[in-house]
Chemist: 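Have a look at the structure that comes next, please.
Whatever order the structure lists them in is the order used to number ligands and atoms, beginning at 1.
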Amino acid sequence: MQTQEMTRTKEPASAGDTILSVNNIEVIYDHVILVLKGVSLTIPRGGIVALLGANGAGKTTTLKAISNLLGAERGEVTKGKIVFKGDEVQALSPNDLVRKGCIQVMEGRHCFGHLSIEENLLTGAYTRKDGAAAIKADLEMVYNYFPRLRERRQSQAGYTSGGEQQMCAIGRALMSRPEMILLDEPSMGLAPQLVEEIFEIVKQLNEREGVSFLLAEQNTNVALRYATYGYILEAGRIVLDGDAKALRDNEDVKEFYLGVGGEGRKSFRNVKHYKRRKRWLA
Ligand SMILES: Nc1ncnc2c1ncn2[C@@H]1O[C@H](COP(=O)(O)OP(=O)(O)OP(=O)(O)O)[C@@H](O)[C@H]1O
Ligand SMILES: [Mg+2]
């Protein structure tokens with residue numbers, strides 16, 4: 001306990017500091033499969049940062065490395081380090097990290113299908129020790145951000161819509177009173193209007209509650225509209241990063257990720273064509 005208190009004093013206090021830094025990490029699965037090759041990211045306190053990339057680029061692996069969940073996947077950070085609020089995450093258990101304020105919302109909006117929405121939200125408070133009244137107040141806060149969840153509070157989560165389940169997963173993360181949320185593909189499988197609704201709430205949580213976000217997304221378009229900064233991951237390496245606006249204006253990003261000026265989204269999976277244009281690759 002004492003060491004935790006002592007480490008807290010090391011935390012940067014002012015806004016504009018770095019809340020999370022990932023320094024040149026390498027991740028290997030099953031001792032042999034090299035998936036991340038020198039990934040570095042900086043997330044400023046109070047920022048919304050997008051981690052973009054196609055299927056299999058390594059977005060989920062990066063988020064799991066940060067929340068120290070790779071062990072369950074036979075994965076390991078073999079080089080580099082990750083620092084959250086002054087502490088190396090490898091030295092913390094996933095629960096310690098949640099207590100310290102960093103929580104991941106998994107890809108595929110994992111809810112407990114047999115529990116009600118409200119019961120799901122309450123499971124998010126499991127690391128807290130500040131009593132029932134504080135937890136009840138935060139439940140109210142979650143319902144204020146997500147009115148749909150209030151309406152569906154008694155419904156069995158497994159029978160609610162995909163959008164409601166994504167909201168439930170984010171709401172459950174909020175119940176741990178996080179300072180930073182790692183959000184893995186919140187837009188996946190949702191209609192555009194719902195995606196917009198969820199990103200609007202992310203923005204409000206960022207502005208009003210001061211929650212920092214690292215958003216893993218394939219949906220570059222929406223992510224770069226809400227994020228302040230973005231990183232593009234290709235086959236386990238960061239190939240481009242910059243302010244969200246600069247990325248939106250970047251010709252390669254437009255061509256390969258935003259699908260501007262052609263018949264819809266250009267195929268960046270078309271390797272031959274892509275290789276000719278991969279001028280940002282090392
Ligand atoms: N447990 C695992 N064991 C071995 N390889 C894995 C494991 N999990 C992921 N991989 C591999 O690591 C690479 C990166 O996967 P990851 O899930 O991080 O990508 P992603 O960017 O999140 O993709 P998606 O957009 O499809 O979610 C892929 O090639 C994948 O096959
Ligand atoms: Mg993923």
Side-chain angles (χ1 to χ4, degrees), residues 20 22-41 43 48-80 82 89-90 94 97 102-111 162 165-166 169-170 173 180-192 194-195 198-199 202 213-224 226-227 229-241 247 252-253 256-259 265-271 274-275 278 280-281:
L20 173 76
V22 174
N23 306 299
N24 206 15
I25 60 163
E26 180 178 281
V27 168
I28 296 183
Y29 284 113
D30 288 320
H31 302 290
V32 288
I33 309 165
L34 176 61
V35 169
L36 296 187
K37 304 149 191 167
V39 169
S40 295
L41 311 167
I43 289 80
I48 301 181
V49 173
L51 181 61
L52 306 164
N55 272 325
K59 303 179 297 296
T60 299
T61 302
T62 306
L63 297 198
K64 285 188 175 166
I66 296 168
S67 34
N68 216 350
L69 292 170
L70 282 176
E73 306 263 346
R74 298 167 51 84
E76 201 188 342
V77 177
T78 45
K79 278 188 194 155
I82 301 169
V89 306
Q90 281 98 328
L97 255 172
C102 181
I103 191 160
Q104 180 166 353
V105 177
M106 298 283 188
E107 188 177 346
R109 42 186 182 265
H110 292 279
C111 293
Q165 289 185 32
Q166 182 65 69
I170 299 172
M180 158 126 228
I181 297 182
L182 311 168
L183 196 47
D184 200 352
E185 301 228 29
S187 76
M188 193 163 58
L190 301 182
L194 257 171
V195 171
I198 286 173
F199 274 80
V202 163
F213 282 89
L214 178 58
L215 291 171
E217 263 299 344
Q218 284 196 40
N219 189 336
T220 309
N221 197 332
V222 73
L224 285 182
Y226 286 91
Y229 200 89
Y231 291 87
I232 296 181
L233 196 57
E234 291 261 1
R237 290 183 208 277
I238 302 290
V239 291
L240 188 68
D241 67 289
L247 290 182
D252 290 325
V253 175
F256 296 114
Y257 291 91
L258 296 174
R265 180 170 165 145
K266 287 262 174 72
S267 172
F268 55 84
R269 293 195 190 86
N270 180 339
V271 175
Y274 180 48
K275 275 195 171 154
K278 61 174 184 176
W280 66 63
L281 288 176

Chemist: Please determine which of Val22, Leu41, Thr62 meets the side chain to side chain contact (heavy atoms under 4.5 Å, CB included) test together with Tyr231.
Modeler: Leu41
Chemist: Using only atom types and a distance under 3.5 Å, with no angle test, would you say the side chain of Glu217 pairs donor to acceptor with the backbone of Ala50?
Modeler: no
Chemist: Does the side chain of Leu20 come within less than 4.5 Å of Cys102's, by heavy atoms?
Modeler: no
Chemist: Are side-chain heavy atoms of Glu185 and Leu63 found at a separation under 4.5 Å?
Modeler: no
Chemist: Ignoring waters, how many N, O or S atoms from the protein are under 2.8 Å from the Mg ion (ligand 2)?
Modeler: 2
Chemist: Donor-acceptor pair, distance only, cut-off 3.5 Å: does the side chain of Lys59 make one with the backbone of Gly53?
Modeler: yes
Chemist: Taking non-hydrogen atoms within less than 4.0 Å of ligand 1, which protein residues qualify?
Modeler: Tyr29, Ile33, Val35, Ala54, Asn55, Gly56, Ala57, Gly58, Lys59, Thr60, Thr61, Glu73, Glu107, Glu185, Gln218
Chemist: For the residue pair Ile25 and Gly80, what are the closest heavy atoms and their distance?
Modeler: CG2-C, 4.0 Å
Chemist: Please name all residues satisfying salt bridge (charged side-chain N to carboxylate O under 4.0 Å, His left out) with Glu73, sequence neighbours left out, ordered by chain then number.
Modeler: Lys64
Chemist: Who passes ring-ring contact (aromatic ring centres under 6.0 Å, His included) against Phe213, sequence neighbours left out?
Modeler: none
Chemist: Measuring only between side-chain heavy atoms, which start at C-beta, is Ile103 closer than 4.5 Å to Val105?
Modeler: no
